[in-house]
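What follows is one structure encoded as structure tokens, with my remarks underneath.
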Amino acid sequence: MGIDPGLTRCGIGIVDGTVGKPPRLVAVGVVRTPAALDVARRLVALEEGLVGWFDEYQPEAVAIERVFAQHNLNSVMDTAQAAGVAALTAARRGLPVAFHTPSEVKAAVTGSGSADKAQVTLMVTRILKLTEAPRPADAADALAIAVTHVWRGSGTNRYAAAVAAAKGKR
């Protein structure tokens, strides 16, 4: 499961696949929260929406886009809180959680870490052999995160585990 965190729209993309095998679309969508609610209630609504996706699709792993500094502090705070809720929801289920940077995701699906949203959406559509582009952009981004994790996540995590184990033996 790939998650593009957001407080207004949180993209969810679920793919099935392994390294060396083309990923296949399972489901895609967004969890929306009403802007009229205060932030705390929106976070609860986000968690409830995510729980529904987790219950229905039973993912084996969760990949979340890593939040990085943006010009608008309020926007980055909302996104970081949404990412925290997503990670917490997955961790409570005992699922492995990985974070991928936007440039890592862009590079994985397009070959360029500076690709724009249209390029990412186009490549996700091609990679998953979809008849039309996933909408909204948050949903396409979530699929890109899921594809990135299928292609890179487990290898990256094995490498990190090996490095940690090597440090522990010293």
Side-chain angles (χ1 to χ4, degrees), residues 1-33 42-68 76 78-110 113 115 117 119-161:
M1 174 185 278
I3 298 177
D4 181 33
L7 196 52
T8 301
R9 284 182 320 272
C10 181
I12 310 291
I14 303 172
V15 298
D16 183 33
T18 58
V19 174
K21 181 176 143 188
R24 180 186 63 81
L25 174 69
V26 175
V28 64
V30 293
V31 174
R32 299 176 190 270
T33 67
R42 290 178 81 186
L43 293 171
V44 169
L46 175 59
E47 179 192 28
E48 290 169 350
L50 289 170
V51 164
W53 280 84
F54 280 90
D55 286 348
E56 183 170 351
Y57 295 100
Q58 301 288 313
E60 294 175 8
V62 176
I64 302 169
E65 185 173 80
R66 183 177 299 282
V67 178
F68 71 100
V76 78
D78 288 348
T79 303
Q81 290 176 47
V85 167
L88 177 66
T89 303
R92 281 192 171 147
R93 293 170 177 267
L95 296 172
V97 177
F99 292 89
H100 299 285
T101 65
S103 58
E104 179 186 359
V105 172
K106 291 174 186 180
V109 299
T110 72
K117 283 196 175 283
Q119 290 171 302
V120 171
T121 299
L122 175 66
M123 288 308 298
V124 163
T125 304
R126 286 182 180 172
I127 290 164
L128 296 173
K129 298 180 174 105
L130 305 177
T131 56
E132 59 185 50
R135 299 274 181 244
D138 311 273
D141 289 348
L143 286 173
I145 295 160
V147 168
T148 298
H149 191 69
V150 166
W151 286 351
R152 296 185 172 183
S154 58
T156 301
N157 293 341
R158 281 195 304 267
Y159 176 75

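Each residue takes its place number in the sequence, starting with 1.
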Is [Y] close to [X] at the side-chain level, that is, under 4.5 Å between some pair of heavy atoms?
X      : Y      : value
Val26  : Arg24  : yes
Arg93  : Val51  : yes
Val147 : Val124 : no
Trp53  : Ile14  : yes

Run the side chain to side chain contact (heavy atoms under 4.5 Å, CB included) test against Ala142 and tell me which residues pass, sequence neighbours left out.
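Side chain to side chain contact (heavy atoms under 4.5 Å, CB included) list for Ala142, sorted by chain: Asp4.
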What pair of heavy atoms forms the shortest contact from [X] to [Y], and how long is it?
X      : Y      : result
Ala108 : Trp151 : O-CZ3, 3.3 Å
Thr79  : Pro5   : CG2-O, 3.5 Å
Gly13  : Ala146 : O-CB, 3.6 Å
Val97  : Ala90  : CG2-CB, 3.5 Å
Ala82  : Leu43  : N-CD2, 4.2 Å
Ala139 : Gly29  : CB-O, 3.9 Å

Side chain to side chain donor-acceptor pair (under 3.5 Å) partners of Thr121, counting only residues at least two apart
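Counting only residues at least two positions away or on another chain, Thr121 forms no side chain to side chain donor-acceptor pair (under 3.5 Å).
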Of all residues at least two apart in sequence or in a different chain, which pass the side chain to side chain donor-acceptor pair (under 3.5 Å) check with Thr110?
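By the side chain to side chain donor-acceptor pair (under 3.5 Å) rule, Thr110 matches no residue at all.
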Does Arg42 pair with Glu47 as a salt bridge, N-O distance under 4.0 Å?
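Looking at Arg42 and Glu47, the cut-off is not met.
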About how many Å separate OG1 of Thr33 and CZ of Arg9, when rounded to the nearest 0.5 Å?
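Going from CZ on Arg9 over to OG1 on Thr33, the span is 10.0 Å.
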Rounded to the nearest 0.5 Å, what separates atom OG1 in Thr8 from atom CG in Asp78?
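Separation between the atoms: 7.0 Å.
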Backbone N or O of Glu104 within a donor-acceptor pair of the Thr101 side chain at under 3.5 Å?
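Looks like yes, one N/O pair under 3.5 Å.
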Would Thr18 and Val150 satisfy side-chain contact (heavy atoms from CB on, under 4.5 Å), going step by step from the backbone distance to the final call?
CA-CA 6 Å; Thr18 58; Val150 166; 5.5 Å; no
Throw together a table of side-chain donor-acceptor distances under 3.5 angstrom for residues 126-137, partners on residues two or more places apart or in other chains.
none

Could you note down all residue pairs passing salt bridge (charged side-chain N to carboxylate O under 4.0 Å, His left out) where residues 80-90 supplies at least one of them, sequence neighbours left out?
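Not a single pair qualifies under salt bridge (charged side-chain N to carboxylate O under 4.0 Å, His left out).
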Checking side-chain contact (heavy atoms from CB on, under 4.5 Å) between Ile12 and each of Leu50, Leu143, Val30, which is the one that passes?
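Answer to the side-chain contact (heavy atoms from CB on, under 4.5 Å) test with Ile12 among Leu50, Leu143, Val30: Leu50.
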Residues 56-66 side chain polar contacts: donor-acceptor under 3.5 Å, at least two apart:
from, atom 1, to, atom 2, distance (Å)
Gln58, NE2, Phe54, O, 3.4
Gln58, NE2, Asp55, O, 3.0

Might you work through the side-chain contact (heavy atoms from CB on, under 4.5 Å) test for Asp141 and Val120, ending with a clear yes or no?
CA-CA 7 Å; Asp141 289 348; Val120 171; 4.1 Å; yes
